[in-house]
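In each ligand, atom 1 is the first atom listed, and ligand 1 is the first ligand listed.
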Amino acid sequence: MSTKYVYTFGNGQAEGRADMKNLLGGKGANLAEMNLIGLPVPAGFTITTEVCTIYNQQGKEAVVKLIESDVKAGIAHMEKIMNAKFGSKGEAFPLMVSVRSGARVSMPGMMDTVLNLGLNDDAVKLLAEKSGNPRFAWDSYRRFIQMYGDVVMGVSAAKGEHNPFEVEIDKLKAIKNITNDTDFTIEDLQILVGNFKQVVKDKTGRDFPTCPWEQLWGAICAVFDSWMTERAVLYRQLNQIPEEWGTAVNVQSMVYGNMGNNSATGVAFSRDAATGEDIFNGEYLINAQGEDVVAGIRTPQEITIEGSRRWAKLQSISEEERKTKYPSLEEAMPGAYAELNSVQEKLENHFHDMQDMEFTIQDGKLWMLQTRNGKRTGAAMVKMAVDMLKQGMIDEKTALLRLEPAKLDELLHPVFDKVAQSKAKVLTKGLPASPGAACGRVVFFADEAEEWKNKGEKVILVRLETSPEDLRGMHVSEGILTARGGMTSHAAVVARGMGKCCVSGAGDINVDYHKRQFTVKGTMIKEGDWISLNGSTGEVYLGKVATVAASLDEDFKAIMDLAEKYTRMYVRTNADTPNDAKAARNFGAKGVGLCRTEHMFFEGDRIDAMREMILSDTEEGRRTALAKILPMQRGDFEGILEAMDGLGVTIRLLDPPLHEFTPNEPSSQQEMATKLNISVEEVKQKVDALHEFNPMLGHRGCRLGITYPEITEMQARAIIEAACNLKMKGLNPKPEIMVPLVGEVKELKMQVDIIRKTAELVFSEKGVRVEFMVGTMIEIPRAAITADEIAEVAEFFSFGTNDLTQMTFGYSRDDVGKFLPTYLKKGILKADPFAVLDQVGVGRMVKMGAQLGRKTNPNIKLGICGEHGGEPSSVIFCDAVGMNYISCSPFRVPIARVAAAQAAIMHTEK
Ligand code: ADP
Ligand code: MG
Ligand code: MG
C-alpha cells in the first residue's frame with residue numbers, strides 16, 4: 001500500500017482524527033476531529049508532516065511530483081463542498097484558501113498564515129460581483145498581496161525601518177485624512193493593491209504571481225521552509241522539540257469575517273487561562289479578518305456581556321459608551337454567540353480540557369477554524385485540574401498526568417503584581433536561575449548585605465559571581481544577581497536551594513566593586529539603588545516593582561493529596577538548616593535526602609575554628625580546633641533531626657576541598673595570624689600550600705576523612721550525640737550518615753569503622769542507643785561500576801548526580817558555561833546535563849549502580865540527591881530505575897511529588 005500524504009476534511013467527514021497529531025500536526029488533527037463531531041468547519045486538506053521531512057531531504061520538485069495529484073484532488077474536494085472554483089475565470093464563485101502551518105505542538109517560531117490565496121485581477125472582480133460586496137473583495141485582495149508578499153516572497157521591513165506595506169497604508173491614510181483601515185473606500189483599496197504589487201516588484205524584482213496554482217505551491221513550500229528558519233530552530237532548541245517532527249500544511253477554504261458588519265473574527269477560551277475559573281471568555285472584532293484581533297490594530301471587544309462589563313470597568317468606560325462603541329458578541333450577534341457558546345461547551349466536553357478556539361462569523365454564520373488545549377498559568381493549571389475532577393470531566397490519574405509539574409513553582413514564590421510589572425523599566429536580562437520576584441537595594445558584598453539587613457533594609461546582592469563565602473549574605477538578601485555563571489553556577493544552585501530569587505549570568509552588566517556600582521547599557525546603578533528581579537524570566541527591572549504573596553489554596557492541597565495516593569517513590573529534601581527542613585516538610589517532604597555539613601562551617605565564628613583546624617600541622621592541633629566545632633555541629637544536627645522528627649535525615653560528612661575555607665583576603669589572613677599567634681607570612685604559606693590545580697578532583701570528600709580521621713570522628717560524634725539527646729527528650733531521630741566521594745570500597749570501610757566505633761562510644765557514654773544507618777554517595781563513575789562491592793558495606797546509596805555528571809562527562813561544573821551554549825547550538829547536547837539528567841550516559845551509570853547494588857544487597861535503599869531530583873524528566877527516570885526516594889531543594893518538593901506520581905501512573909499502566 002502506498003503512503004497517504006494528504007488527508008481531507010469537510011462537510012462532517014474527515015480522513016484524519018484528533019489522535020493523529022504526529023502525522024497531521026495539532027491544527028490539522030483537530031480540524032478533522034471538529035468535522036467528525038459535527039461542528040461547522042470550512043472544508044480543506046492537510047499535507048502530512050512526513051512530506052515536510054521529504055521536502056527537507058529532497059526539495060521542492062520531488063515533493064510536487066509526489067503529491068501533485070493529491071493536492072489537486074484535495075482542491076477538487078473543497079470546490080465540490082464549497083460550491084466554488086479555484087482559479088476560475090468563469091461563472092462560479094471563486095474559491096479562496098488559507099495556507100496554515102501546524103506542527104505537533106504549537107510553535108510561535110513558525111510561519112504566519114497566508115489568507116485569501118487564489119485571488120488575482122480576474123478573481124477579485126468575480127468575487128466582487130458574486131458577493132455583491134466589492135469593498136470586501138478588494139479588502140481581501142490587498143490583504144492577500146500583503147501577506148503573501150511578506151510570508152512567501154520575503155518582503156519585510158529592513159532593520160530599523162517600517163514594513164513597506166504598512167508604509168503604503170499610512171501614506172494613503174495621510175492623503176485621504178483617515179485613521180482606520182475600515183474607512184478606506186473601494187477606490188482606496190484598489191490603489192493599495194496597485195501600490196502593493198509595485199512594492200513586491202521593487203523589493204524582489206519579480207511580479208506578483210497571478211496563477212493560483214503557482215501561489216499555492218509557493219505557500220506550501222514556504223511553510224516547509226519555515227521549519228528550518230533560524231527562529232524556528234532556536235525555538236525547538238529551547239523547548240526540546242526534535243527536528244524530525246516536521247510541520248504539516250493545512251489548506252482550507254476561506255470564510256470571511258470581513259464581509260461587513262454582520263461578519264466578525266475572534267478567539268475564545270472555554271475557561272479563564274489566567275485564573276482557571278470556569279468562565280467562557282474571549283475577544284472579537286467586527287468586519288475583520290485573521291489576526292486583526294491579536295495584531296492590536298483596533299481595540300478588540302469582549303465576547304460575553306460579563307467580560308465586556310469587567311473590561312469597561314478597568315478602562316473606566318461608562319456602560320452607555322461600552323454598549324454603543326464596544327458591545328460584546330453576546331449583544332451584537334446574539335444568534336452567533338449562542339452557537340459559539342454551545343460549541344465551546346461541546347469542545348470542552350469532547351476533549352476534556354480547556355479549549356483555546358479561533359472562529360469567524362461570515363454574514364451571521366459561525367465557522368470554527370481551530371481548537372486546541374489552551375495554555376495556562378500554574379495557578380490556572382491546578383484549579384482547572386481540580387475543578388474538572390470535581391465536575392466528573394476527568395479521573396484522578398488524568399488530573400495528575402495533565403499537570404506540568406515545573407509550573408507548580410509559580411505558586412510557591414511571591415509574584416510581581418501584573419500591572420506593576422508591565423509598567424516597569426527592564427534594565428537587562430539574565431538567566432532565570434531561581435524563580436520568584438524580588439526587590440531590594442543593591443549591595444555588592446556579602447557582609448554588607450548582612451549589615452544592611454540588620455538595619456532593616458531589603459537588599460539584592462549583586463556579584464560577578466558568588467562563592468561559599470557569600471552564603472550568609474545570600475541568605476539575607478531578597479534576591480541575587482550575578483554577571484557570570486549559568487544555571488548550575490554556585491549562585492543558581494544555592495539560591496534554588498534557599499528558594500530565593502536569582503538571576504545569573506546577566507552578561508550585560510559591568511560590576512565595579514571598587515566604585516560600588518554597576519552599569520548596564522548606559523544606565524548606572526549605585527549601591528543603595530532599588531532594583532527588582534524576576535527569577536522566572538531573568539528580567540531585571542529598575543526600581544521597586546510591587547509583589548504579591550503566593551497563597552497555597554485548597555486546590556493545591558487536593559493535588560498534593562492525589563500525588564500522595566499514586567506515587568511509588570517518596571520525596572525528601574536537600575536542607576542544611578532546620579528552617580529549610582521545616583519549609584520542605586510543609587510541602588510534604590518525607591525526610592532530608594542531603595544535609596550538607598560544610599555550610600555549617602561558615603556560620604558565626606565557626607569559620608575561625610575551621611580555619612584553625614585547617615592551618616594546624618598536627619593531629620593534636622586539629623583535635624583542639626575540632627573540639628570547638630563539635631558542640632556547634634551537634635546543635636545544628638539536633639535542630640534538623642528535630643524538624644524532621646520520625647523521618648530519615650541523611651547527613652553528608654565534610655565534602656569540599658579545604659581551600660574553600662581558607663582566608664584569602666589579606667585582612668582575614670592578618671586576623672587569623674593574630675588569632676593563632678603566628679606570622680601573616682606563615683598563614684599565607686599554608687594557604688598557598690592548600691592550593692590545588694583541580695580542586696574538584698583533589699583533596700576532598702572521604703579523602704579528607706581518610707587523611708584526617710579525626711574530622712570523621714568529630715562529625716560522627718556530633719551526629720550521634722545529637723540523636724541521643726533527642727531520644728532522651730522522647731523524640732524519634734533517624735540519622736543516616738553518608739560518606740561522600742567514595743570510589744573504592746576500602747575507603748568506605750575505613751570510614752564506616754570510624755563511624756561505628758564512635759557511635760558505640762557515644763552510646764555507652766550516654767546510656768542510650770539510637771538506630772542509624774551508614775551509606776555512601778554514588779558520584780564517581782568507579783563507584784557505579786563497582787557498586788556490587790560497595791553495597792556489601794553500604795546500607796544505602798544516594799546517587800549524587802551533580803558530581804556523577806561532572807565526572808562521567810569530564811565537564812567541570814564551574815566552567816561548563818564556556819562551551820555549553822555552543823554544544824547546545826550545534827546540537828551535540830540536547831539540554832544542559834547538569835539540569836536535565838543525561839539518561840543515555842550518566843543514566844546508564846545510575847542504572848548500573850542500582851542493579852549491581854541490589855545484586856549483593858537486595859535491601860539497599862536507593863535515592864538521588866543531585867539537582868536532578870526536582871527535574872520532572874529525571875524523576876520519571878528514577879521511578880523506572882526503581883529508586884525508593886528522590887531528594888530535591890525545598891521549593892521543588894511539590895514539583896517532585898507530582899512528577900513522581902505521574903511516573904508511577906505511567907509506569908504501572910504500561
Ligand atoms: P496561528 O497558528 O498563528 O494561529 P492560523 O493558521 O491559526 O495561525 O491562522 C491565523 C488566523 O487566520 C486564524 O485565527 C483565522 O482567524 C485566520 N484564518 C486561517 N484560516 C482561515 C480560513 N480558512 N478562513 C478564514 N480565516 C482563516
Ligand atoms: Mg499566528
Ligand atoms: Mg491559530
Numbering the atoms of ligand 1 from 1, which are under 4.0 Å from a heavy atom of [X]?
X: Gln370; answer: 4 (O), 7 (O)
X: Thr265; answer: 16 (O)
X: Ser253; answer: 22 (C), 23 (N)

Just to be sure I read this right, does ligand 1 sit under 4.0 Å from the backbone of [X], its side chain, both, or neither, counting only heavy atoms?
X: Met254; value: both
X: Glu358; value: side chain
X: Gln289; value: neither
X: Leu115; value: side chain

Only heavy atoms count here, so choose which of [options] is nearest to [atom].
atom: atom 19 (C) of ligand 1; options: Met357, Arg372, Arg100; answer: Arg100
atom: atom 21 (C) of ligand 1; options: Gly290, Gly266, Ser98; answer: Ser98
atom: atom 26 (N) of ligand 1; options: Leu369, Asn250, Leu117; answer: Leu369
atom: atom 9 (O) of ligand 1; options: Val255, Thr113, Val114; answer: Thr113

ask   = Would a line drawn from the ring center of Phe208 to the ring center of Phe196 be shorter than 6.0 Å?
value =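 Here the rings of Phe196 and Phe208 have centres that are no less than 6.0 Å from each other.
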ask   = Looking at the Mg ion (ligand 3), is one of the N, O or S atoms of Thr113 less than 2.8 Å from it?
value =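 Not a single backbone or side-chain N, O or S atom of Thr113 is under 2.8 Å from the Mg ion (ligand 3).
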task = Quick one: the OE2 of Glu358, the Mg ion (ligand 3), OE1 of Gln370 angle, rounded to 10°, please.
result = 100°
inquiry  = Tyr284 vs Tyr337, test: ring-ring contact (aromatic ring centres under 6.0 Å, His included). Steps then yes/no.
reply    = CA-CA 11 Å; Tyr284 80 108; Tyr337 170 81; 9.6 Å; no
key: Within 45° cone and under 6.0 Å: Arg322 NZ/CZ vs Trp311 ring   = no
key: Gap between atom CZ of Arg402 and atom CE of Met381 - 0.5 Å precision   = 11.5 Å
Establish, from distance only, whether the side-chain atoms of [X] and [Y] form a donor-acceptor pair under 3.5 Å.
X: Tyr141; Y: Asp121; value: yes
X: Thr53; Y: Asn56; value: no
X: Thr265; Y: Thr360; value: yes

